[in-house]
Structures are given as structure tokens and as C-alpha cells.
Amino acid sequence: MTSDTRASTRRGRPRKPMILAETIADGIVDAGMRPGERLPAEAEMALKYSAGRASVRESLRILEAEGIVETRVGAGGGAFVAHPRRESIARPLSVLMRMSDIGLREVLEARLLIEPSLAAAAASHCTPAQAALLESANDALGRLEEGGEDWRRMNREYHTLIAEIAANRPLAMMWDILSMIADGHDAGVRYPAHSLHEADAAHRKILRAIVAGDGEGAARAMRIHLEAMAEHVARSYPQLLDGPIAIVRSQS
């Protein structure tokens with residue numbers, strides 16, 4: 001075998017730490033470990049998996065980058081099962097979209113396909129307790145400075161709550177992740193005061209339809225709301241629509 005062939009073979013196979021990382025991740029799931037639980041010590045894992053401690057350390061770094069494991073230093077430190085963070089998926093998804101030449105236009109179109117359906121489903125499944133949560137979130141939005149960071153966070157939570165009420169957890173998870181990209185904020189999108197006032201009014205219409213069990217009305221109100229937001233982006237930021245998607249920023 002020539003040196004070029006050997007190099008090609010090495011490139012075609014996953015590195016040992018990557019394979020070990022997958023094995024450790026499978027073990028976490030198979031053991032039913034929950035977020036916050038401590039993984040075995042490095043030396044114990046090296047013995048268990050017949051691997052060197054350096055390979056175990058690199059595997060844990062891979063899992064940490066993927067948001068599966070978190071490492072803590074100091075007394076009581078070590079490797080722990082991480083709490084799920086949407087950023088751990090949203091960021092690589094935004095990188096993939098950017099590398100695939102997907103622009104904000106397609107992301108906004110995806111939002112128009114997903115959210116009205118979620119709003120309609122929410123109207124069919126909303127319980128009195130969930131209606132109270134949605135009303136509380138809507139009231140909180142009304143008390144916050146429009147367009148500020150807290151307002152943006154609560155706005156995402158309001159839309160994500162609707163997705164959760166829709167009782168389709170895979171789709172709700174997908175929306176929660178996509179929302180960090182569809183937001184457009186990292187790309188530089190900002191909304192004027194009148195647009196935010198209109199958004200608050202739209203939220204109230206969506207809320208009323210969901211609480212009333214009016215699926216068609218909820219879907220229609222959500223669609224009108226999203227179309228208005230998309231029209232603002234097209235009018236004020238046309239260069240962003242078909243340009244490269246903004247990569248979601250890492251969260252500390």
C-alpha cells in the first residue's frame with residue numbers, strides 16, 4: 001500500500017476519538033442518564049472502553065462541542081450529562097444552511113409553512129392551564145420594551161409555547177431551533193416601533209383564536225402576522241433575503 005493510499009484510507013475512516021464519542025453517547029442514552037448526572041471518571045472510562053486517557057479526553061471534548069456533555073473544573077468537577085440547549089443544534093444547522101447557500105428568504109418561507117399549522121393544532125389541543133400560560137406570556141410581552149433583548153426572548157418563548165401546545169413535540173423542537181435563525185436578528189434585522197405594535201396586536205388575535213378553539217382563525221392570524229414580518233424584511237433588508245444566512249452565535 002502506497003503512502004497516498006494509506007492517507008486516503010485514514011481520511012475515509014472516523015478517527016478513534018470520534019468512534020469513542022459515539023460509543024459514550026450511546027452509553028449515556030442506554031443507561032437512561034439524565035441531565036446533570038456525572039459520567040464515570042476518565043480513568044474508569046479508559047478502562048471500560050479499552051482506550052487511552054488522551055482518547056477519552058478528546059472524545060469528551062467532541063461530546064461537549066455537540067452539547068451532549070459538559071465539563072466542570074474544580075472541586076466536584078468532571079464530565080456531566082449536559083442540559084439540552086437548542087443553540088447546540090441551531091448553530092451547526094445555521095452553518096449547514098450557510099454552506100448550502102440557503103438564505104433568509106427560504107427560512108422565512110419555512111416559517112410560513114410550519115407556524116400556521118402549529119397555531120391551528122394549538123387551538124385543538126389548548127387546555128385551560130395552557131391558555132393561562134399563553135395569556136401570561138402575551139401580557140409579559142406587552143410590559144417589555146419593544147424590540148429589546150428581553151422582548152425578543154419573550155417573543156420567541158411565546159411562539160415556542162404555541163408550538164408546544166400544538167402537541168407535536170418533534171415539530172415543536174424543530175421550530176424552537178429554527179426560530180433562532182428565522183429571528184433574523186443576528187443578520188441585522190430590526191423592526192420599527194409601528195411594526196412591533198402591529199406584532200403585539202397580531203399576538204392578541206392569535207391568542208384569542210387559540211383560546212377559542214378556532215384552528216382556522218389561529219392559522220390565518222399567524223399567517224398574516226408572519227407575512228407582515230416577511231414584508232418588512234423584504235422592504236427594508238432586501239440584501240439579506242438571498243445572501244448567506246447568519247450563523248447563530250454561541251451562547252455562554
Side-chain angles (χ1 to χ4, degrees), residues 34-36 67 81-91 93 107-108 110-186 189 191 193-230 232 248-249 251-252:
R34 307 300 300 166
V81 180
H83 291 269
R85 296 180 63 196
R86 62 184 179 180
E87 293 89 349
S88 64
I89 298 177
R91 180 172 170 80
L93 177 61
V107 174
L108 294 176
R111 186 174 186 179
L112 267 169
L113 289 171
I114 295 171
E115 279 206 272
S117 296
L118 287 171
S124 298
H125 293 91
C126 190
T127 66
Q130 289 171 326
L133 285 174
L134 201 54
E135 289 172 350
S136 177
N138 189 64
D139 290 344
L141 264 173
R143 291 192 298 270
L144 293 170
E145 178 187 356
E146 292 179 330
E149 182 60 34
D150 288 341
W151 189 93
R152 287 180 53 243
R153 175 185 54 76
M154 182 55 68
N155 181 56
R156 274 205 306 265
E157 288 183 11
Y158 177 83
H159 281 263
T160 298
L161 181 56
I162 291 173
E164 292 171 350
I165 293 172
N168 186 309
R169 289 188 296 173
L171 199 53
M173 288 179 182
M174 289 172 62
W175 158 246
D176 194 22
I177 294 162
L178 186 63
S179 70
M180 298 194 68
I181 303 170
D183 174 270
H185 189 83
D186 286 343
V189 174
Y191 293 93
H194 68 85
S195 289
L196 296 174
H197 290 326
E198 291 169 0
D200 283 341
H203 287 157
R204 288 192 292 273
K205 288 182 181 178
I206 296 166
L207 169 63
R208 286 196 295 269
I210 290 174
V211 172
D214 180 4
E216 185 176 331
R220 182 172 57 251
M222 180 66 81
R223 188 176 299 107
I224 291 172
H225 171 46
L226 298 179
E227 286 173 347
M229 297 294 99
H232 167 70
V248 172
R249 297 171 185 169
Q251 303 291 313
S252 58

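The chain is numbered in sequence order, starting from 1. Predicted, not measured: the structure shown is a model, and the values here were computed from it.
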Practice problem: Give, for atom CG of Asp150 and atom CG of Leu141, the distance between the pair rounded to the nearest 0.5 Å. | Solution: 10.5 Å
Quiz prompt | Flag side-chain contact, heavy atom, 4.5 Å: Asp176 against Met173 | solution = no
Quiz item: Within the distance-only criterion (no hydrogens, no angle test), does the side chain of His225 pair as donor or acceptor with the backbone N or O of Ala221 below 3.5 angstrom?
Solution: no
Quiz item: Charged N to carboxylate O below 4.0 Å: is that the case for Glu157 and Arg153?
Solution: yes
Self-check item: Minimal non-hydrogen separation, Ala90 against Val248, with atom names
Solution: O-CG2, 3.9 Å
Quiz item: Is there side-chain contact between Ile114 and Leu118, with heavy atoms separated by less than 4.5 Å?
Solution: yes
Exercise. Kindly compute the distance separating CG (Leu178) from CD1 (Ile89), expressed to the nearest 0.5 Å.
Key: 12.5 Å
Quiz item: What's the spacing between Asn138 CG and Leu133 CG if we round to 0.5 Å?
Solution: 12.5 Å
Quiz item: Tell me, which pairs form a salt bridge (charged side-chain N to carboxylate O under 4.0 Å, His left out) where one or both residues lie in residues 200-224, sequence neighbours left out?
Solution: Glu216-Arg220
Practice problem: Please confirm whether the backbone N or O of Arg156 pairs with a side-chain atom of Thr160, one donor and one acceptor, at under 3.5 Å? | Solution: yes
Quiz item: Taking all non-hydrogen atoms of both residues, which atom of Ala123 and which atom of Ala209 are closest, and how far apart?
Solution: CB-O, 4.2 Å
Quiz item: Under the side chain to side chain contact (heavy atoms under 4.5 Å, CB included) criterion, do Val81 and Arg34 qualify, and how do the steps go?
Solution: CA-CA 7 Å; Val81 180; Arg34 307 300 300 166; over 6 Å; no
Practice problem: Answer whether the closest heavy-atom distance between the side chains of Asn155 and His203 falls below 4.5 Å. | Solution: yes
Quiz prompt | Atom CE of Met174: over 12 foreign heavy atoms under 6.0 Å | solution = no
Self-check item: Heavy-atom pair of closest approach, residues Leu196 and Trp151
Solution: CD2-CH2, 3.6 Å
Quiz item: Looking only at heavy atoms, what is the nearest atom pair of Pro116 and Leu112, with distance?
Solution: CD-O, 3.1 Å
Quiz prompt | Candidates Met229, Met222, His159 - the one meeting side chain to side chain contact (heavy atoms under 4.5 Å, CB included) with Arg111 | solution = His159
Quiz item: Which heavy atom in Ala137 sits nearest to a heavy atom in Leu161, and how many Å separate them?
Solution: CB-CD2, 4.4 Å
Practice problem: Considering non-hydrogen atoms only, spot the tightest contact between Ala120 and Ala219 and give its length. | Solution: CB-CB, 4.1 Å
Identify each donor-acceptor pair in which a side-chain atom of residues 162-170 lies under 3.5 Å from a protein atom, sequence neighbours left out, and give them as a table.
unit_1 : atom_1 : unit_2 : atom_2 : d
Asn168 : OD1    : Leu171 : N      : 3.0

Quiz item: What salt bridge (charged side-chain N to carboxylate O under 4.0 Å, His left out) pairs are there with at least one residue in residues 118-138, not counting sequence neighbours?
Solution: none
Quiz item: Taking atom CE of Met180 and atom NE2 of His185, what is their separation to the nearest 0.5 Å?
Solution: 11.0 Å
Self-check item: From OG (Ser179) to CZ (Arg152), nearest 0.5 Å
Solution: 10.0 Å
